[in-house]
2 protein chains.
Amino acid sequence: MSVQLLDTATSVLLKDPTASLGDVAKAAGVGRTTLHKRFPTRADLIHALATEALDLVGEAISSVDLDTDDAIEQLVEKLVPLGPRIEFLLRFPNLRDDERLSVRLTTLDQPVIDLISRLQGTRLRADLPAWWITQILYAGVYSAWEGIAAGRLAPLDAPRLVLTTFYLGVSDAGAADRS
Amino acid sequence: MSVQLLDTATSVLLKDPTASLGDVAKAAGVGRTTLHKRFPTRADLIHALATEALDLVGEAISSVDLDTDDAIEQLVEKLVPLGPRIEFLLRFPNLRDDERLSVRLTTLDQPVIDLISRLQGTRLRADLPAWWITQILYAGVYSAWEGIAAGRLAPLDAPRLVLTTFYLGVSDAGAADRS
DNA sequence: ACCGTTGTGAACATGAGTGTTCAGCTGCTC
DNA sequence: GAGCAGCTGAACACTCATGTTCACAACGGT
């Protein structure tokens with residue numbers, strides 16, 4: 001129930017960031033008064049959505065053993081379904097106005113960046129900045145979610161698609177190595 | 001002058017999509033009245049920003065000879081500086097509510113998708129959907145712009161970074177081929 | 001049957017953004 | 001200097017989201 005509310009609230013606000021609280025309440029199938037009781041102000045609601053998104057993404061990252069060989073594979077697998085939450089964190093720039101949220105946002109990526117940096121000694125190209133590789137990884141995850149949301153991509157195909165593009169790129173030469 | 005107005009309006013609305021027209025006017029260094037004379041309503045302003053963004057991206061695409069060998073290279077080079085406009089088109093989902101804008105948005109990518117499709121016969125992997133490759137290309141361009149905006153990436157480095165990641169991926173194996 | 005909890009619609013006051021008008025100021029051409 | 005065009009701040013009425021309150025209905029436990 002409660003999770004359902006945050007879920008639809010997220011999607012409504014993503015479709016139209018200026019949607020009124022009445023719209024959110026209606027979409028969630030609850031009265032505006034009820035919504036207000038849970039989240040006294042609009043800022044509270046958005047803050048709650050951000051916090052929940054941070055929690056979910058954080059859990060996803062820390063649920064993966066970043067020292068194992070297929071860490072990135074597991075990471076992508078866990079992150080793709082969180083598409084809307086990631087989109088929320090990306091598309092509400094003013095979240096950084098809140099001190100605590102801002103800290104959590106920057107802290108969130110750090111273990112991933114560290115992982116990438118470590119892998120640059122072995123499996124990953126060392127001639128690219130770690131932040132760039134991380135960014136590209138997230139971009140792939142997010143693009144995959146977009147494809148799923150648009151109905152163009154099967155959820156089960158997503159991780160493979162993201163990973164092969166991430167590792168090998170789209171040039172014809174790279175494809176021969178892998179199956 | 002006029003281009004300066006649309007420019008700052010774009011960046012202000014990107015930083016805070018709910019910014020008031022007064023904020024936009026102040027940021028652009030003009031009176032709210034003057035802004036209103038040019039764009040009678042808020043919707044008019046946003047529509048104008050979208051139209052200009054579509055124009056610019058459209059010009060960038062059509063300024064490239066898509067039949068030449070380095071079409072993608074030229075495309076990336078032209079698109080990266082248009083980062084804010086692309087971001088605007090991506091982050092204002094409600095633009096699709098307007099019929100004409102929606103048509104232009106979907107039409108815009110078509111030549112690029114066609115180009116990718118053609119190249120899948122030769123230089124590009126044929127085991128990936130054309131729309132996916134296109135998406136990844138745009139994601140790279142956008143990520144590069146983000147890096148530039150954050151001051152982490154030198155504008156002149158951007159195209160090379162995007163292209164090498166796009167073609168070869170980030171796996172260590174792929175890097176040996178190129179310089 | 002009683003009562004606390006929870007959700008609900010209706011209603012209200014408030015504040016902010018918006019659209020609009022107007023009179024005054026600047027800078028330009030003739 | 002006369003006239004004109006463009007820009008400006010100030011002020012106004014209006015709309016609408018918002019925050020808040022209240023009384024009522026539904027439900028579950030005792």
Side-chain angles (χ1 to χ4, degrees), chain A residues 1-53 55 84 87-101, chain B residues 1-53 55 84 87-101:
Chain A
M1 290 225 154
S2 177
V3 63
Q4 156 72 2
L5 205 171
L6 295 175
D7 211 61
T8 59
T10 299
S11 70
V12 168
L13 286 180
L14 277 180
K15 205 169 67 183
D16 178 12
T18 71
S20 77
L21 297 185
D23 295 335
V24 175
K26 201 191 313 174
V30 302
R32 193 167 74 94
T33 314
T34 308
L35 183 66
H36 173 265
K37 202 176 294 181
R38 255 196 245 266
F39 311 103
T41 136
R42 169 179 257 264
D44 289 335
L45 173 60
I46 293 187
H47 188 277
L49 294 180
T51 302
E52 197 225 11
D55 287 344
E87 185 177 359
F88 184 86
L89 293 177
L90 294 179
R91 288 211 181 159
F92 278 68
N94 356 22
L95 293 184
R96 291 210 112 89
D97 293 351
D98 183 295
E99 184 67 30
R100 300 238 298 276
L101 289 183
Chain B
M1 291 222 158
S2 177
V3 62
Q4 156 72 2
L5 203 172
L6 295 176
D7 212 62
T8 60
T10 298
S11 70
V12 169
L13 287 180
L14 277 180
K15 204 169 66 184
D16 178 12
T18 71
S20 76
L21 296 185
D23 295 336
V24 174
K26 202 192 311 173
V30 302
R32 194 168 74 94
T33 315
T34 307
L35 183 65
H36 173 265
K37 200 176 298 181
R38 255 196 245 265
F39 310 103
T41 137
R42 169 180 257 265
D44 288 335
L45 172 61
I46 294 188
H47 187 278
L49 294 180
T51 302
E52 198 225 11
D55 287 345
E87 185 176 359
F88 183 86
L89 294 177
L90 294 179
R91 288 209 181 162
F92 278 69
N94 356 23
L95 292 184
R96 290 211 112 88
D97 294 349
D98 183 294
E99 184 68 29
R100 301 238 300 276
L101 288 183

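A, B, ... follow the sequence lines: proteins, then strands. Residue 1 opens every chain. Side chains are part of it too, since the values below use all heavy atoms of this structure and drop only hydrogens, waters and symmetry mates.
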### Query
Between the main-chain N or O of A:Thr41 and the side-chain N or O of A:Asp44, is there a donor-acceptor pair closer than 3.5 Å?
yes
### Task
Please work out if A:Arg42 contacts a base, only the sugar-phosphate, or nothing of the nucleic acid, heavy-atom cut-off 4.0 Å.
sugar-phosphate
### Query
Separation of A:Lys26 atom NZ from C:dG9 atom P, in whole Å?
11 Å
### Query
CZ of A:Arg100: more than 12 outside heavy atoms within 6.0 angstrom?
no
### Query
Can you tell me how far P of D:dA17 sits from CG of A:Leu13, to the nearest Å?
14 Å
### Query
In whole Å, what is the span from the CZ atom of A:Arg32 to the C1' atom of C:dT8?
12 Å
### Task
Could you state the atom-to-atom distance from CG of B:Asp23 to P of C:dA16 in whole Å?
13 Å
### Message
What is the separation between atom CG on A:Leu35 and atom C1' on D:dG19, rounded to the nearest whole Å?
### Response
12 Å
### Message
Between B:Lys37 and A:His36, which residue's closest nucleotide on DNA chain D lies nearer the 5′ terminus?
### Response
B:Lys37
#### Entry: Nearest-Å distance for atom pair CG/P, residues A:Leu21 and D:dC16
16 Å
### Query
Looking at residues at least two apart in the chain, or sitting in another chain, which of them share a salt bridge (Lys or Arg N to Asp or Glu O under 4.0 Å) with A:Asp23?
none
### Nucleotide C:dG17, atom C1' - distance to CG of B:Leu45 in whole Å
14 Å
### Query
Just wondering, do A:Phe39 and A:Leu49 contact through their side chains at under 4.5 Å, heavy atoms?
no
### Message
Side chain of B:Thr34, heavy atoms from C-beta onward: which of C:dG19, D:dT20, D:dT8 has the nearest atom to it?
### Response
D:dT8
### Task
Kindly say whether, by distance alone, the side chain of A:Arg38 makes a donor-acceptor pair under 3.5 Å with the base of C:dG7?
no
### Query
Only one of B:Ile46, B:Asn94, B:Thr51 forms a side chain to side chain contact (heavy atoms under 4.5 Å, CB included) with B:Leu101, so which one is it?
B:Thr51
### Query
Between the side-chain atoms of A:Thr33 and the base atoms of C:dG9, is any donor-acceptor pair under 3.5 Å?
yes
### Task
Compare the minimum distances between each of D:dT18, C:dT18, C:dG7 and the side chain of B:Ser20, then state the nucleotide with the smallest one.
C:dT18
### Rounded distance in Å - CG (B:Asp44) to C1' (C:dT18)
13 Å
